[in-house]
**Q** 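Have a look at this one before I ask anything.
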Number of protein chains: 2
Amino acid sequence: MRSDTPPAAGAAPARVTIADVAREAGVSKATVSRFFNHREALLTPDIAARVEAAIAALDYRPSPMAQALKRGTSRLIGMVVADVTNPYSVAVLRGAEKACKDAGYLVMLFNLGNEPEREREAIATLSSYQVDGFILNTFDHGGKGRAEVERLGKPAVLVDRRHGRMSADFVSLDNAGAVEMAVAHLVDAGYRDLLYVTEPVRNVSSRLDRQAAFHACVQSHGDVRGDVFESVEDGADALEQAIAALHGRSGSRAAILSGNAVVTLRCATAVMRQALRFGVDIGFIGFDELDWAPLVGPGLTTIAQPTDALGRLAARCLVERLQGSPSPPRQILLSGELIVRGSSQRGAA
Amino acid sequence: MRSDTPPAAGAAPARVTIADVAREAGVSKATVSRFFNHREALLTPDIAARVEAAIAALDYRPSPMAQALKRGTSRLIGMVVADVTNPYSVAVLRGAEKACKDAGYLVMLFNLGNEPEREREAIATLSSYQVDGFILNTFDHGGKGRAEVERLGKPAVLVDRRHGRMSADFVSLDNAGAVEMAVAHLVDAGYRDLLYVTEPVRNVSSRLDRQAAFHACVQSHGDVRGDVFESVEDGADALEQAIAALHGRSGSRAAILSGNAVVTLRCATAVMRQALRFGVDIGFIGFDELDWAPLVGPGLTTIAQPTDALGRLAARCLVERLQGSPSPPRQILLSGELIVRGSSQRGAA
DNA sequence: TTGTACGCGTTATCAG
DNA sequence: CTGATAACGCGTACAA
């Protein structure tokens with residue numbers, strides 16, 4: 001089928017192999033391989049020099065594929081993310097990437113595009129590339145992901161979302177602590193009627209944790225009312241009504257706590273549409289720092305997650321396990337940081 | 001070194017190979033292989049059934065690594081992105097991912113984290129995994145990327161950023177058209193003093209194109225003034241001054257055109273900090289649609305890029321080329337969509 | 001139609 | 001210290 005000359009630079013794109021290097025250096029393939037993998041088995045300086053020269057001359061680099069095939073290990077870490085569109089996930093990804101790079105691993109990313117049923121497939125695909133371990137920021141869809149990972153016998157670390165009783169490391173924000181911090185701040189500022197707005201909880205552990213913490217927290221404060229509202233994708237009207245009711249009932253003593261970035265967007269839209277003023281008419285704190293948080297109204301108070309640290313930690317955790325330390329599953333919780341802006345200060349702006 | 005029992009589920013995680021399937025089905029490896037790759041060479045129904053059963057029973061899946069090694073091709077597409085943090089890139093990525101999946105390809109992503117010098121390394125790494133082609137959304141750092149790709153002789157398609165005179169397909173927003181649309185809209189609305197704010201242009205073709213189009217466009221409108229301001233990362237003060245000067249000079253006839261999302265954020269911050277009101281005190285249009293655009297002031301008018309289509313097109317383009325059609329380099333430009341909000345309507349809100 | 005044998009690029013083992 | 005060889009999992013001429 002392909003008829004004419006090769007595309008661009010006239011040469012054939014033939015990969016240079018270890019055999020080429022061996023020939024060039026006048027040694028055997030085994031020697032070249034040793035030059036890379038067993039520096040301790042001192043090669044004759046003369047030979048080593050020849051090999052090194054040949055490698056440089058040919059710009060040879062071992063094929064990771066062939067290596068993985070032979071070794072059964074790849075220095076690849078598989079990361080699967082529920083949705084690349086989510087800035088939280090991307091931030092974590094970056095942190096993980098850095099730490100992996102530092103440890104000599106490469107991250108192979110798989111995006112679920114918010115389709116939980118692809119989790120099993122993603123893990124299987126990654127595994128077929130012989131990834132050494134997994135970093136998972138996904139749903140726990142029917143436990144299929146967990147089952148697959150455990151079947152493979154490869155280590156995994158969970159980020160933000162715990163999977164049932166999966167015996168794996170878990171790295172996450174200290175959700176309970178963050179909720180307490182936020183609620184305490186709101187109460188201090190004089191808010192007494194709190195509405196926690198969350199995406200549908202489903203099985204997502206972080207959502208469960210935050211909601212549970214919210215309930216507990218409200219209990220512990222004597223005279224504070226606390227309700228929960230589930231905000232769905234197309235439920236703008238319902239959300240507006242809930243907020244209107246909240247404000248109608250308690251006036252400026254009402255405040256919203258938003259469970260994540262997408263909910264924050266919805267809440268901000270709803271509040272603006274009713275011409276309520278953040279801070280003065282209604283209080284607000286949202287999980288996840290947003291680059292536009294300073295811009296709406298008097299600024300939105302947020303709970304910033306240490307995403308970079310979370311990613312780094314997840315990677316480090318995995319790498320340690322990969323390098324043999326068979327410690328029991330760990331659970332690492334990092335504190336969030338409250339970034340106070342006008343939306344949580346009664347009577348401000 | 002490793003002393004005790006395997007990690008979790010007691011079994012060894014031994015991969016199931018084509019040999020296992022062959023044994024299970026009582027046929028040779030070749031037959032199993034043919035079952036996958038040459039369905040046309042009709043196998044005896046009996047045998048085919050046995051193979052199929054064995055495959056299902058063992059949950060066998062061919063190792064893409066071994067396949068790639070043997071075939072020299074991988075059904076993998078390498079995508080390198082200057083910065084995953086950029087929502088534009090992520091949106092394009094998603095589109096490309098979908099189209100690739102539909103065509104039976106998998107996307108392997110490499111993130112440069114805004115370090116241009118890693119481009120060569122990224123391409124080399126990807127290539128060592130035998131990717132069949134590239135989708136590039138990167139800088140053109142010293143032409144090293146282009147050189148590497150051409151050395152490899154693998155097809156590539158450029159997204160948003162053209163690389164010098166690289167003979168590759170190019171998919172992008174119609175920048176000239178978008179600028180004209182925006183400027184015309186501003187002029188229609190009565191704005192006469194325009195400031196185009198851009199990130200440092202460097203070698204980024206889309207920035208060059210937009211700036212050039214802006215100049216041309218201003219020329220063609222008789223009585224319109226048009227300046228350009230380069231906004232750098234730590235240059236908040238300079239930007240504020242430029243905007244103050246603009247407004248001081250022309251009052252409500254002044255308007256800003258922002259070259260991309262990060263600049264829009266900076267401009268919005270600067271404008272708010274000077275207590276100028278979008279739309280009434282100063283006009284604004286920004287490249288790239290933002291989910292928070294409706295929330296600041298009377299809403300920010302934006303130019304939405306067809307990111308999903310761009311990604312899909314890029315992928316489709318590449319796949320076509322992979323499947324043999326040796327057409328000359330194409331250049332595909334898609335129109336943007338002006339999303340009009342309050343910030344570009346004089347006297348509104 | 002099916003099986004045998006070899007090679008893809010590497011590395012580990014075992015002689016030398 | 002170095003070289004030949006087998007094997008990793010797979011696809012394909014070639015032979016049967």
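Here is how names work: the chains are called A, B, and so on, in the same order as the sequence lines, proteins then strands, and each is numbered from 1. As a basis for the values below, the full set of heavy atoms in this structure was taken, side chains included, without hydrogen atoms, waters or symmetry mates.
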**Q** Assess whether a salt bridge exists between B:D102 and B:R316, defined as any Lys/Arg side-chain N lying under 4.0 Å from an Asp/Glu carboxylate O.
**A**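 No, B:D102 and B:R316 are not salt-bridged.
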**Q** C:dG3 base to B:R34 side chain: any donor-acceptor pair below 3.5 Å?
**A**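 Pair found.
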**Q** For B:T31, which contact category applies under a 4.0 Å heavy-atom criterion: base, sugar-phosphate, or nothing?
**A**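 Contact class for B:T31: sugar-phosphate only.
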**Q** Report the distance from atom CG of B:L43 to atom P of C:dG3, rounded to the nearest whole Å.
**A**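 Answer to the nearest Å: 10 Å.
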**Q** Whole-Å distance between C:dA12 C1' and A:N37 CG?
**A**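 Answer to the nearest Å: 10 Å.
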**Q** May I ask you to evaluate whether A:H38 reaches the phosphate of C:dA12, defined as a side-chain N or O under 4.0 Å from OP1 or OP2?
**A**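 True: A:H38 side-chain N/O within range (under 4.0 Å) of C:dA12 OP1/OP2.
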**Q** Between A:T44 and D:dT2, is there a side-chain N or O to OP1/OP2 distance below 4.0 Å?
**A**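 Looking at the OP1 and OP2 atoms of D:dT2, one of them is under 4.0 Å from a side-chain N or O of A:T44.
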**Q** So, OP1 or OP2 of C:dG9: does either fall under 4.0 Å of a side-chain N or O from A:S63?
**A**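 Indeed not, no polar side-chain atom of A:S63 lies that close.
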**Q** B:A30 side chain: which of D:dG3, D:dT12, D:dC1 is closest?
**A**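 Minimum distance to the B:A30 side chain belongs to D:dT12.
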**Q** Can you tell which of D:dG9, C:dT10, D:dG3 lies closest to the side chain of A:S28?
**A**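 My answer, after comparing the listed nucleotides, is D:dG3.
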**Q** What's the NZ-P distance between B:K70 and C:dC8, to the nearest Å?
**A**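 Taking NZ of B:K70 and P of C:dC8, I get 7 Å after rounding.
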**Q** Any ion pair linking A:R321 and A:D132 (charged N to carboxylate O, less than 4.0 Å)?
**A**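 Result for this pair is no, no salt bridge flagged.
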**Q** Can you tell me if A:S33 touches the phosphate of C:dT11, counting only side-chain N or O atoms and a distance under 4.0 Å to OP1 or OP2?
**A**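 For A:S33, the contact criterion (side-chain N or O under 4.0 Å from OP1 or OP2 of C:dT11) is met.
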**Q** Round to the nearest Å and state the distance from A:R15 atom CZ to C:dG9 atom C1'.
**A**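 Value for this atom pair: 8 Å.
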**Q** Ignoring backbone atoms, test whether A:Q67 places a side-chain nitrogen or oxygen under 4.0 Å from the OP1 or OP2 oxygen of C:dG9.
**A**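 Result: no.
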**Q** Using a cut-off of 4.0 Å on non-hydrogen atoms, how would the nucleic acid contact of B:F35 be classed: base, sugar-phosphate, or nothing?
**A**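 Nothing, no heavy atom under 4.0 Å.
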**Q** Taking the six-membered ring of A:F170, is the NZ or CZ of A:R330 close enough (under 6.0 Å from the centre) and on axis enough (within 45°)?
**A**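 Output no; distance or angle outside limits.
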**Q** Hey, does the side chain of B:Y129 come within less than 4.0 Å of C:dG9's phosphate (OP1/OP2), counting only N and O?
**A**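 So the side chain of B:Y129 is outside the cut-off, no N or O lying under 4.0 Å from OP1 or OP2 of C:dG9.
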**Q** Just the rounded figure in Å: distance from C1' of C:dT10 to CD of A:Q130.
**A**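 The distance from CD of A:Q130 to C1' of C:dT10 comes to 14 Å, rounded to the nearest Å.
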**Q** Rounded to whole angstrom units, what separation is found between the CE atom of A:M65 and the P atom of C:dT10?
**A**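 One finds 12 Å between P of C:dT10 and CE of A:M65, rounded.
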**Q** Return the value, rounded to whole Å, for the distance between atom NZ of B:K29 and atom C1' of C:dG7.
**A**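 It works out to 12 Å between those atoms.
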**Q** Under a 4.0 Å threshold between the charged nitrogen and the carboxylate oxygen, would A:R151 count as salt-bridged to A:E148?
**A**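 Yes.
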**Q** Indicate yes or no: at least one non-hydrogen side-chain atom of B:L318 is less than 4.5 angstrom from one of B:D169.
**A**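 No, too far: nothing below the 4.5 Å cut-off.
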**Q** Nearest whole angstrom, please: distance from the P of C:dG9 to the CZ of A:R71.
**A**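 Roughly 17 Å, once rounded to whole Å.
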